[in-house]
There are 2 protein chains.
Amino acid sequence: MRVSLRFAALGLLAQHPGSGYDLLRRFEQSMANVWPATQSQLYGELNKLAADGLIEVTDVGPRGRKEYQVTAAGRTELVRWMTHPGDDPPHRSASLLRVFLLGEIPPEKARQHLVGVAAHAESELARLTELRDSLTPWGDSAAEFFGGAALDYGLRIAQMEGDWARSLVSAFDERQTETSTVQ
Amino acid sequence: MRVSLRFAALGLLAQHPGSGYDLLRRFEQSMANVWPATQSQLYGELNKLAADGLIEVTDVGPRGRKEYQVTAAGRTELVRWMTHPGDDPPHRSASLLRVFLLGEIPPEKARQHLVGVAAHAESELARLTELRDSLTPWGDSAAEFFGGAALDYGLRIAQMEGDWARSLVSAFDERQTETSTVQ
DNA sequence: AGAGGCATGTAAGGGGTTACATGATTTC
DNA sequence: GAAATCATGTAACCCCTTACATGCCTCT
(Lines give C-alpha, C1' and ligand atoms only; values in the text may rest on other atoms or scores of the structure.)
Protein backbone atom coordinates (compact mmCIF):
# COMPACT_ATOMS: atom_id res chain seq x y z
CA MET A 1 0.00 0.00 0.00
CA ARG A 2 1.63 3.20 -1.18
CA VAL A 3 -0.61 6.18 -0.39
CA SER A 4 0.98 9.20 1.16
CA LEU A 5 -1.73 11.82 1.35
CA ARG A 6 -3.27 9.35 3.72
CA PHE A 7 -0.36 9.71 6.09
CA ALA A 8 0.04 13.41 5.53
CA ALA A 9 -3.55 13.89 6.69
CA LEU A 10 -3.21 11.37 9.48
CA GLY A 11 -0.04 13.05 10.69
CA LEU A 12 -1.49 16.54 10.64
CA LEU A 13 -4.51 15.32 12.57
CA ALA A 14 -2.18 13.64 15.04
CA GLN A 15 -0.51 17.00 15.61
CA HIS A 16 -3.85 18.63 16.21
CA PRO A 17 -7.49 17.52 15.78
CA GLY A 18 -9.79 19.50 13.52
CA SER A 19 -12.20 19.50 10.60
CA GLY A 20 -11.46 18.91 6.94
CA TYR A 21 -11.69 22.61 6.41
CA ASP A 22 -9.17 23.29 9.18
CA LEU A 23 -6.88 20.66 7.78
CA LEU A 24 -7.10 22.13 4.33
CA ARG A 25 -5.71 25.44 5.52
CA ARG A 26 -2.90 23.67 7.31
CA PHE A 27 -2.11 21.87 4.07
CA GLU A 28 -1.95 25.17 2.25
CA GLN A 29 0.21 26.78 4.89
CA SER A 30 2.64 24.55 6.69
CA MET A 31 2.59 21.59 4.36
CA ALA A 32 2.37 23.10 0.89
CA ASN A 33 6.11 22.69 0.31
CA VAL A 34 6.22 19.09 1.45
CA TRP A 35 3.02 17.47 0.30
CA PRO A 36 0.43 19.65 -1.44
CA ALA A 37 -3.17 18.46 -1.45
CA THR A 38 -6.39 19.66 -3.00
CA GLN A 39 -9.68 20.18 -1.22
CA SER A 40 -11.40 17.49 -3.19
CA GLN A 41 -8.84 14.85 -2.47
CA LEU A 42 -8.59 15.67 1.19
CA TYR A 43 -12.28 15.24 1.97
CA GLY A 44 -12.29 11.92 0.20
CA GLU A 45 -9.27 10.72 2.12
CA LEU A 46 -10.75 11.77 5.46
CA ASN A 47 -13.79 9.63 4.77
CA LYS A 48 -11.60 6.68 3.88
CA LEU A 49 -9.50 7.15 7.01
CA ALA A 50 -12.65 7.24 9.10
CA ALA A 51 -14.03 4.17 7.34
CA ASP A 52 -10.80 2.35 8.16
CA GLY A 53 -11.04 3.39 11.79
CA LEU A 54 -7.81 5.40 11.79
CA ILE A 55 -9.61 8.62 12.63
CA GLU A 56 -13.02 9.31 14.14
CA VAL A 57 -15.59 12.08 14.24
CA THR A 58 -15.73 13.46 17.76
CA ASP A 59 -18.22 16.24 17.14
CA VAL A 60 -20.52 17.62 14.48
CA GLY A 61 -20.83 21.40 14.52
CA PRO A 62 -22.67 24.02 12.46
CA ARG A 63 -22.84 23.49 8.68
CA GLY A 64 -22.20 19.81 9.17
CA ARG A 65 -18.69 20.51 10.35
CA LYS A 66 -17.05 17.27 11.41
CA GLU A 67 -14.35 17.40 14.03
CA TYR A 68 -11.86 14.60 13.44
CA GLN A 69 -9.46 13.00 15.85
CA VAL A 70 -6.86 10.26 15.41
CA THR A 71 -7.73 6.93 17.00
CA ALA A 72 -5.33 4.59 18.75
CA ALA A 73 -5.29 2.42 15.63
CA GLY A 74 -4.48 5.54 13.65
CA ARG A 75 -1.46 6.34 15.82
CA THR A 76 -0.22 2.80 15.49
CA GLU A 77 -0.58 2.93 11.73
CA LEU A 78 1.20 6.28 11.56
CA VAL A 79 4.15 4.98 13.55
CA ARG A 80 4.26 1.88 11.39
CA TRP A 81 4.43 3.93 8.21
CA MET A 82 7.00 6.34 9.57
CA THR A 83 9.33 3.67 10.84
CA HIS A 84 9.00 1.47 7.77
CA PRO A 85 10.11 3.41 4.69
CA GLY A 86 10.82 1.66 1.44
CA ASP A 87 7.43 1.74 -0.18
CA ASP A 88 7.56 5.35 -1.28
CA PRO A 89 6.54 6.54 -4.73
CA PRO A 90 9.58 7.05 -6.97
CA HIS A 91 11.09 10.49 -7.37
CA ARG A 92 10.30 12.33 -10.56
CA SER A 93 11.70 15.73 -11.36
CA ALA A 94 10.50 17.50 -14.48
CA SER A 95 13.18 20.16 -14.10
CA LEU A 96 15.90 17.54 -13.93
CA LEU A 97 14.38 15.83 -16.95
CA ARG A 98 14.75 19.08 -18.85
CA VAL A 99 18.42 19.29 -18.00
CA PHE A 100 18.90 15.67 -18.98
CA LEU A 101 17.52 16.43 -22.42
CA LEU A 102 19.19 19.81 -22.85
CA GLY A 103 21.42 18.40 -25.56
CA GLU A 104 18.42 18.21 -27.87
CA ILE A 105 17.84 21.93 -28.15
CA PRO A 106 20.11 24.65 -29.59
CA PRO A 107 23.10 25.36 -27.29
CA GLU A 108 22.14 28.99 -26.94
CA LYS A 109 18.71 28.08 -25.60
CA ALA A 110 20.21 25.40 -23.39
CA ARG A 111 22.52 27.91 -21.77
CA GLN A 112 19.69 30.34 -21.33
CA HIS A 113 17.70 27.66 -19.60
CA LEU A 114 20.50 26.89 -17.16
CA VAL A 115 20.82 30.55 -16.25
CA GLY A 116 17.10 30.52 -15.59
CA VAL A 117 17.48 27.51 -13.31
CA ALA A 118 20.12 29.35 -11.30
CA ALA A 119 17.90 32.41 -11.02
CA HIS A 120 14.96 30.32 -9.93
CA ALA A 121 17.05 28.65 -7.24
CA GLU A 122 18.11 32.04 -5.95
CA SER A 123 14.55 33.30 -5.72
CA GLU A 124 13.52 30.11 -3.95
CA LEU A 125 16.35 30.59 -1.53
CA ALA A 126 15.17 34.13 -0.87
CA ARG A 127 11.57 33.05 -0.44
CA LEU A 128 12.40 30.28 2.01
CA THR A 129 14.83 32.46 3.93
CA GLU A 130 12.11 35.02 4.37
CA LEU A 131 9.68 32.31 5.42
CA ARG A 132 12.11 31.01 8.01
CA ASP A 133 12.75 34.47 9.42
CA SER A 134 9.04 35.19 9.65
CA LEU A 135 8.46 32.10 11.76
CA THR A 136 7.76 32.41 15.46
CA PRO A 137 11.19 31.98 17.02
CA TRP A 138 9.72 31.07 20.41
CA GLY A 139 8.21 27.85 19.17
CA ASP A 140 9.95 24.85 20.55
CA SER A 141 7.46 22.03 20.29
CA ALA A 142 8.57 18.86 18.58
CA ALA A 143 6.32 19.64 15.61
CA GLU A 144 7.93 23.04 15.17
CA PHE A 145 11.39 21.56 15.51
CA PHE A 146 10.80 19.09 12.71
CA GLY A 147 8.87 21.59 10.63
CA GLY A 148 11.97 23.78 10.85
CA ALA A 149 14.07 20.80 9.83
CA ALA A 150 11.95 20.30 6.71
CA LEU A 151 12.29 23.99 5.92
CA ASP A 152 16.04 23.75 6.38
CA TYR A 153 16.03 20.92 3.87
CA GLY A 154 14.31 23.17 1.37
CA LEU A 155 16.86 25.90 2.01
CA ARG A 156 19.73 23.52 1.45
CA ILE A 157 18.16 22.24 -1.76
CA ALA A 158 17.80 25.78 -3.07
CA GLN A 159 21.37 26.59 -2.14
CA MET A 160 22.67 23.41 -3.74
CA GLU A 161 20.61 23.88 -6.88
CA GLY A 162 21.98 27.39 -7.34
CA ASP A 163 25.57 26.21 -6.88
CA TRP A 164 25.00 23.34 -9.26
CA ALA A 165 23.37 25.44 -11.96
CA ARG A 166 26.10 28.08 -11.80
CA SER A 167 28.87 25.49 -12.03
CA LEU A 168 27.03 23.87 -14.92
CA VAL A 169 26.91 27.15 -16.80
CA SER A 170 30.67 27.51 -16.31
CA ALA A 171 31.33 23.98 -17.49
CA PHE A 172 29.05 24.52 -20.44
CA ASP A 173 30.83 27.71 -21.47
CA GLU A 174 34.21 26.01 -21.23
CA ARG A 175 32.95 23.15 -23.29
CA GLN A 176 31.59 25.49 -25.94
CA THR A 177 34.82 27.44 -26.31
CA GLU A 178 36.74 24.16 -26.51
CA THR A 179 34.68 22.70 -29.33
CA SER A 180 34.63 25.97 -31.24
CA THR A 181 38.42 26.39 -31.08
CA VAL A 182 39.00 22.76 -32.07
CA GLN A 183 37.01 23.33 -35.17
CA MET B 1 -1.19 20.06 -20.57
CA ARG B 2 1.05 18.56 -17.89
CA VAL B 3 2.36 15.18 -19.03
CA SER B 4 6.03 14.49 -18.62
CA LEU B 5 6.53 10.90 -19.64
CA ARG B 6 5.47 12.21 -23.00
CA PHE B 7 8.50 14.46 -23.14
CA ALA B 8 10.81 11.96 -21.55
CA ALA B 9 10.00 9.52 -24.34
CA LEU B 10 10.09 12.21 -27.00
CA GLY B 11 13.46 13.41 -25.73
CA LEU B 12 15.02 9.96 -25.64
CA LEU B 13 13.80 9.30 -29.15
CA ALA B 14 15.23 12.64 -30.21
CA GLN B 15 18.60 11.50 -28.88
CA HIS B 16 18.35 8.27 -30.82
CA PRO B 17 15.56 6.53 -32.79
CA GLY B 18 14.44 3.06 -31.79
CA SER B 19 11.60 0.76 -30.83
CA GLY B 20 9.50 0.80 -27.69
CA TYR B 21 11.53 -2.11 -26.46
CA ASP B 22 14.80 -0.25 -27.05
CA LEU B 23 13.42 2.79 -25.34
CA LEU B 24 12.33 0.78 -22.37
CA ARG B 25 15.87 -0.34 -21.70
CA ARG B 26 17.12 3.19 -21.99
CA PHE B 27 14.50 4.21 -19.46
CA GLU B 28 15.73 1.53 -17.09
CA GLN B 29 19.35 2.47 -17.56
CA SER B 30 20.11 6.11 -18.17
CA MET B 31 16.83 7.60 -17.11
CA ALA B 32 15.75 5.54 -14.12
CA ASN B 33 17.01 8.15 -11.67
CA VAL B 34 15.33 11.06 -13.42
CA TRP B 35 12.03 9.79 -14.72
CA PRO B 36 11.18 6.11 -14.25
CA ALA B 37 8.59 4.56 -16.54
CA THR B 38 6.90 1.21 -16.82
CA GLN B 39 6.62 -0.91 -19.93
CA SER B 40 2.88 -0.61 -20.01
CA GLN B 41 2.83 3.12 -19.82
CA LEU B 42 5.56 3.59 -22.38
CA TYR B 43 3.87 1.63 -25.16
CA GLY B 44 0.69 3.56 -24.61
CA GLU B 45 2.49 6.87 -24.74
CA LEU B 46 4.32 5.95 -27.94
CA ASN B 47 1.02 5.28 -29.65
CA LYS B 48 -0.33 8.62 -28.47
CA LEU B 49 2.79 10.43 -29.64
CA ALA B 50 2.47 8.76 -33.05
CA ALA B 51 -1.24 9.60 -33.22
CA ASP B 52 -0.35 13.23 -32.52
CA GLY B 53 2.27 13.23 -35.24
CA LEU B 54 5.19 13.95 -32.92
CA ILE B 55 6.88 10.66 -33.77
CA GLU B 56 6.49 8.28 -36.70
CA VAL B 57 7.09 4.64 -37.50
CA THR B 58 9.93 4.41 -40.01
CA ASP B 59 10.14 0.65 -40.20
CA VAL B 60 8.42 -2.52 -39.04
CA GLY B 61 10.76 -5.37 -38.25
CA PRO B 62 10.41 -8.96 -36.99
CA ARG B 63 7.84 -9.62 -34.25
CA GLY B 64 6.02 -6.48 -35.24
CA ARG B 65 8.88 -4.34 -34.02
CA LYS B 66 8.17 -0.69 -34.75
CA GLU B 67 11.09 1.63 -35.28
CA TYR B 68 10.15 5.12 -34.14
CA GLN B 69 11.65 8.44 -35.09
CA VAL B 70 10.91 12.00 -33.99
CA THR B 71 9.19 14.18 -36.59
CA ALA B 72 9.83 17.85 -37.23
CA ALA B 73 6.67 18.65 -35.29
CA GLY B 74 8.00 16.50 -32.46
CA ARG B 75 11.24 18.46 -32.28
CA THR B 76 9.36 21.71 -32.24
CA GLU B 77 7.14 20.48 -29.44
CA LEU B 78 10.12 19.24 -27.45
CA VAL B 79 11.87 22.60 -27.71
CA ARG B 80 8.67 24.36 -26.72
CA TRP B 81 8.28 22.23 -23.61
CA MET B 82 11.90 22.57 -22.62
CA THR B 83 12.03 26.31 -22.98
CA HIS B 84 8.68 26.93 -21.30
CA PRO B 85 8.76 25.50 -17.80
CA GLY B 86 6.12 26.41 -15.27
CA ASP B 87 3.58 23.67 -15.82
CA ASP B 88 5.42 20.98 -13.95
CA PRO B 89 3.76 18.64 -11.48
CA PRO B 90 4.35 19.73 -7.87
CA HIS B 91 7.15 18.19 -5.84
CA ARG B 92 6.15 15.57 -3.31
CA SER B 93 8.65 13.87 -1.07
CA ALA B 94 7.49 11.05 1.15
CA SER B 95 10.80 11.02 3.01
CA LEU B 96 10.52 14.73 3.77
CA LEU B 97 6.95 14.18 4.88
CA ARG B 98 8.20 11.63 7.37
CA VAL B 99 10.64 14.13 8.85
CA PHE B 100 7.94 16.76 8.98
CA LEU B 101 5.82 14.43 11.10
CA LEU B 102 8.63 13.05 13.20
CA GLY B 103 7.30 14.82 16.28
CA GLU B 104 4.39 12.39 16.35
CA ILE B 105 6.42 9.30 17.15
CA PRO B 106 8.53 8.51 20.24
CA PRO B 107 11.78 10.56 20.29
CA GLU B 108 13.89 7.44 20.36
CA LYS B 109 12.35 6.17 17.14
CA ALA B 110 12.55 9.61 15.61
CA ARG B 111 16.26 9.77 16.25
CA GLN B 112 16.72 6.28 14.90
CA HIS B 113 14.92 7.30 11.75
CA LEU B 114 17.18 10.31 11.23
CA VAL B 115 20.27 8.15 11.60
CA GLY B 116 18.77 5.88 8.97
CA VAL B 117 18.25 8.83 6.64
CA ALA B 118 21.89 9.78 7.01
CA ALA B 119 22.97 6.21 6.30
CA HIS B 120 20.76 6.02 3.25
CA ALA B 121 22.19 9.26 1.91
CA GLU B 122 25.68 7.87 2.33
CA SER B 123 24.89 4.68 0.46
CA GLU B 124 23.24 6.69 -2.31
CA LEU B 125 26.34 8.84 -2.50
CA ALA B 126 28.46 5.71 -2.82
CA ARG B 127 26.17 4.20 -5.45
CA LEU B 128 26.14 7.32 -7.60
CA THR B 129 29.87 7.86 -7.21
CA GLU B 130 30.44 4.35 -8.45
CA LEU B 131 28.03 4.93 -11.32
CA ARG B 132 29.84 8.10 -12.32
CA ASP B 133 33.24 6.42 -12.21
CA SER B 134 31.99 3.51 -14.30
CA LEU B 135 30.83 5.84 -17.06
CA THR B 136 32.78 6.06 -20.28
CA PRO B 137 35.09 9.00 -19.67
CA TRP B 138 35.69 9.51 -23.40
CA GLY B 139 32.12 10.46 -24.06
CA ASP B 140 31.76 14.10 -24.93
CA SER B 141 28.51 14.37 -26.83
CA ALA B 142 26.01 16.92 -25.65
CA ALA B 143 23.73 14.16 -24.37
CA GLU B 144 26.52 12.71 -22.27
CA PHE B 145 27.45 16.13 -20.96
CA PHE B 146 23.95 16.81 -19.72
CA GLY B 147 23.48 13.25 -18.53
CA GLY B 148 26.58 13.81 -16.43
CA ALA B 149 25.10 17.06 -15.17
CA ALA B 150 21.96 15.24 -14.01
CA LEU B 151 24.11 12.66 -12.29
CA ASP B 152 26.07 15.43 -10.62
CA TYR B 153 22.79 16.82 -9.34
CA GLY B 154 22.03 13.46 -7.76
CA LEU B 155 25.46 13.37 -6.16
CA ARG B 156 25.00 16.82 -4.70
CA ILE B 157 21.57 15.89 -3.37
CA ALA B 158 23.01 12.82 -1.66
CA GLN B 159 25.85 14.84 -0.20
CA MET B 160 23.50 17.54 1.03
CA GLU B 161 21.01 15.07 2.45
CA GLY B 162 23.74 13.39 4.45
CA ASP B 163 25.01 16.71 5.82
CA TRP B 164 21.50 17.77 6.66
CA ALA B 165 20.56 14.53 8.40
CA ARG B 166 23.75 14.52 10.47
CA SER B 167 23.29 18.11 11.56
CA LEU B 168 19.69 17.30 12.41
CA VAL B 169 20.73 14.44 14.63
CA SER B 170 23.11 16.78 16.45
CA ALA B 171 20.45 19.43 16.89
CA PHE B 172 18.02 16.81 18.05
CA ASP B 173 20.44 15.46 20.65
CA GLU B 174 21.11 18.95 21.96
CA ARG B 175 17.43 19.60 22.16
CA GLN B 176 16.81 16.39 24.05
CA THR B 177 19.49 17.06 26.68
CA GLU B 178 18.14 20.58 27.11
CA THR B 179 14.59 19.53 27.81
CA SER B 180 15.66 16.67 30.07
CA THR B 181 17.90 18.92 32.20
CA VAL B 182 15.18 21.58 32.43
CA GLN B 183 12.88 19.03 33.92
C1' DA C 1 -31.14 41.04 2.54
C1' DG C 2 -26.86 40.23 0.52
C1' DA C 3 -21.85 39.12 0.68
C1' DG C 4 -18.39 36.45 2.10
C1' DG C 5 -16.64 32.81 4.37
C1' DC C 6 -17.47 28.06 6.24
C1' DA C 7 -18.09 23.33 5.09
C1' DT C 8 -18.61 19.18 2.51
C1' DG C 9 -19.26 16.58 -1.39
C1' DT C 10 -19.47 14.41 -6.58
C1' DA C 11 -17.92 13.62 -11.45
C1' DA C 12 -14.79 13.42 -15.17
C1' DG C 13 -10.43 12.70 -16.81
C1' DG C 14 -5.29 12.15 -16.76
C1' DG C 15 -1.11 9.75 -15.21
C1' DG C 16 0.96 5.74 -13.13
C1' DT C 17 1.41 0.78 -11.43
C1' DT C 18 0.58 -4.12 -11.45
C1' DA C 19 -0.84 -8.01 -13.51
C1' DC C 20 -2.28 -10.48 -17.32
C1' DA C 21 -2.02 -11.89 -22.17
C1' DT C 22 -0.04 -13.13 -26.58
C1' DG C 23 2.99 -14.35 -29.99
C1' DA C 24 7.49 -14.34 -32.82
C1' DT C 25 12.39 -15.04 -33.03
C1' DT C 26 16.81 -16.46 -31.64
C1' DT C 27 19.92 -19.50 -29.14
C1' DC C 28 21.49 -23.75 -27.20
C1' DG D 1 12.57 -28.75 -29.31
C1' DA D 2 12.94 -25.96 -25.13
C1' DA D 3 14.25 -21.75 -23.04
C1' DA D 4 15.26 -17.19 -23.15
C1' DT D 5 14.57 -13.00 -25.17
C1' DC D 6 12.21 -9.83 -28.17
C1' DA D 7 8.09 -7.22 -28.76
C1' DT D 8 3.64 -5.26 -28.09
C1' DG D 9 -0.62 -4.75 -26.02
C1' DT D 10 -5.01 -4.68 -22.55
C1' DA D 11 -7.55 -4.27 -18.04
C1' DA D 12 -8.16 -2.90 -13.43
C1' DC D 13 -7.10 -0.01 -9.93
C1' DC D 14 -5.19 3.95 -7.36
C1' DC D 15 -3.77 8.80 -6.87
C1' DC D 16 -4.34 13.46 -8.22
C1' DT D 17 -6.46 17.62 -10.53
C1' DT D 18 -10.14 20.53 -12.19
C1' DA D 19 -14.55 21.81 -12.19
C1' DC D 20 -19.02 21.74 -10.57
C1' DA D 21 -22.54 21.57 -6.89
C1' DT D 22 -24.82 22.56 -2.62
C1' DG D 23 -26.05 24.61 1.47
C1' DC D 24 -25.32 26.97 6.09
C1' DC D 25 -23.79 30.62 9.06
C1' DT D 26 -22.14 35.26 10.28
C1' DC D 27 -21.52 39.94 9.61
C1' DT D 28 -22.83 44.33 7.98
Side-chain angles (χ1 to χ4, degrees), chain A residues 1-10 13 17-29 31-32 34-52 55-68 81 86-94 97, chain B residues 1-10 13 17-29 31-32 34-52 55-68 81 86-94 97:
Chain A
M1 200 209 270
R2 203 150 291 182
V3 204
S4 284
L5 172 66
R6 189 182 183 83
F7 298 104
L10 192 57
L13 271 182
S19 68
Y21 196 84
D22 293 340
L23 218 53
L24 190 62
R25 275 175 304 177
R26 291 167 66 197
F27 262 97
E28 282 161 5
Q29 288 158 19
M31 202 113 126
V34 173
W35 200 277
T38 60
Q39 174 264 349
S40 185
Q41 199 193 355
L42 182 55
Y43 281 112
E45 195 59 51
L46 286 173
N47 283 326
K48 282 187 208 162
L49 281 165
D52 293 346
I55 64 176
E56 59 188 355
V57 177
T58 56
D59 191 32
V60 177
R63 277 160 293 199
R65 181 182 192 275
K66 295 187 233 171
E67 179 93 8
Y68 286 108
W81 177 75
D87 193 30
D88 294 341
H91 276 124
R92 285 189 172 87
S93 167
L97 176 60
Chain B
M1 199 209 271
R2 203 149 291 183
V3 205
S4 283
L5 171 67
R6 188 181 184 83
F7 297 105
L10 192 57
L13 271 183
S19 69
Y21 196 83
D22 294 338
L23 218 53
L24 191 62
R25 276 175 302 177
R26 291 167 67 195
F27 262 96
E28 282 160 6
Q29 290 158 18
M31 202 113 124
V34 173
W35 200 278
T38 60
Q39 175 263 351
S40 184
Q41 200 193 356
L42 182 55
Y43 281 112
E45 194 60 52
L46 286 172
N47 283 325
K48 282 187 207 162
L49 281 165
D52 293 347
I55 64 177
E56 59 188 354
V57 178
T58 56
D59 191 32
V60 177
R63 279 160 293 201
R65 180 181 192 277
K66 295 187 232 171
E67 179 94 8
Y68 286 107
W81 178 75
D87 193 29
D88 294 341
H91 277 124
R92 286 189 172 88
S93 167
L97 175 59

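Nothing here was measured: the structure is a model prediction, and the numbers come from that model. Numbered from 1 within each chain, the chains take letters A, B, ... in sequence-line order.
Between L5(B) atom CG and dT17(C) atom C1' there is a gap of 13 Å when expressed in whole angstrom units. If you take CD of Q39(A) and C1' of dA11(C), they are 13 Å apart, rounded to a whole angstrom. If you measure from atom NE2 of H91(B) to atom C1' of dC16(D), you get 16 Å, rounded to the nearest angstrom. The NZ-C1' distance, from K66(B) to dA7(D), rounds to 10 Å in whole Å. Note: CH2 (W35(A)) to P (dT17(D)) measures 10 Å, nearest angstrom. Following rounding to the nearest Å, L97(B) (CG) and dC16(D) (P) show an atom-to-atom distance of 11 Å. A straight line from CD of E45(B) to P of dT17(C) spans 13 Å, rounded to a whole angstrom. Counting to the nearest Å, the P atom of dC15(D) and the CG atom of L49(A) are 11 Å from each other.
Each of R2(B) and M1(A) was assigned the nucleotide of DNA chain D with the nearest heavy atom; the assignment lying further toward the 5' end belongs to M1(A). Toward the 5' end of DNA chain C, the nearer of the two residues L24(A) and R63(B), judged by each one's closest nucleotide, is L24(A).
Minimum heavy-atom separation, A9(A) to L42(A): CB-CD1, 4.1 Å. The heavy-atom pair separating R2(A) from P90(A) by the smallest distance is NH1-CD, 3.7 Å. Residues W35(B) and P89(B) share a closest heavy-atom pair of CH2-CG, 4.4 Å. Of all the heavy atoms in W81(B) and A94(A), the pair that sits closest is CH2-O, 4.1 Å. The heavy-atom pair separating H91(A) from R92(B) by the smallest distance is CD2-O, 4.4 Å.
Backbone-only engagement by P90(A) is indicated by non-hydrogen atom pairs under 4.0 Å involving sugar-phosphate atoms exclusively. R6(A) comes within 4.0 angstrom of nothing in the nucleic acid, heavy atoms only. Across all strands shown, S40(B) has heavy atoms under 4.0 Å from base atoms, whether or not it also approaches the sugar-phosphate.
In this structure, R65(B) does not reach the dC6(D) phosphate: none of its side-chain N or O atoms is under 4.0 Å from OP1 or OP2. Taking only side-chain nitrogens and oxygens, Y43(A) never comes nearer than 4.0 Å to OP1 or OP2 of dG9(C). When the side-chain nitrogen and oxygen atoms of Q41(B) are compared with OP1 and OP2 of dG15(C), none of them lie within a distance under 4.0 Å.
Among dG5(C), dG15(C), dA7(D), the nucleotide with an atom closest to any side-chain atom of D22(B) is dA7(D).
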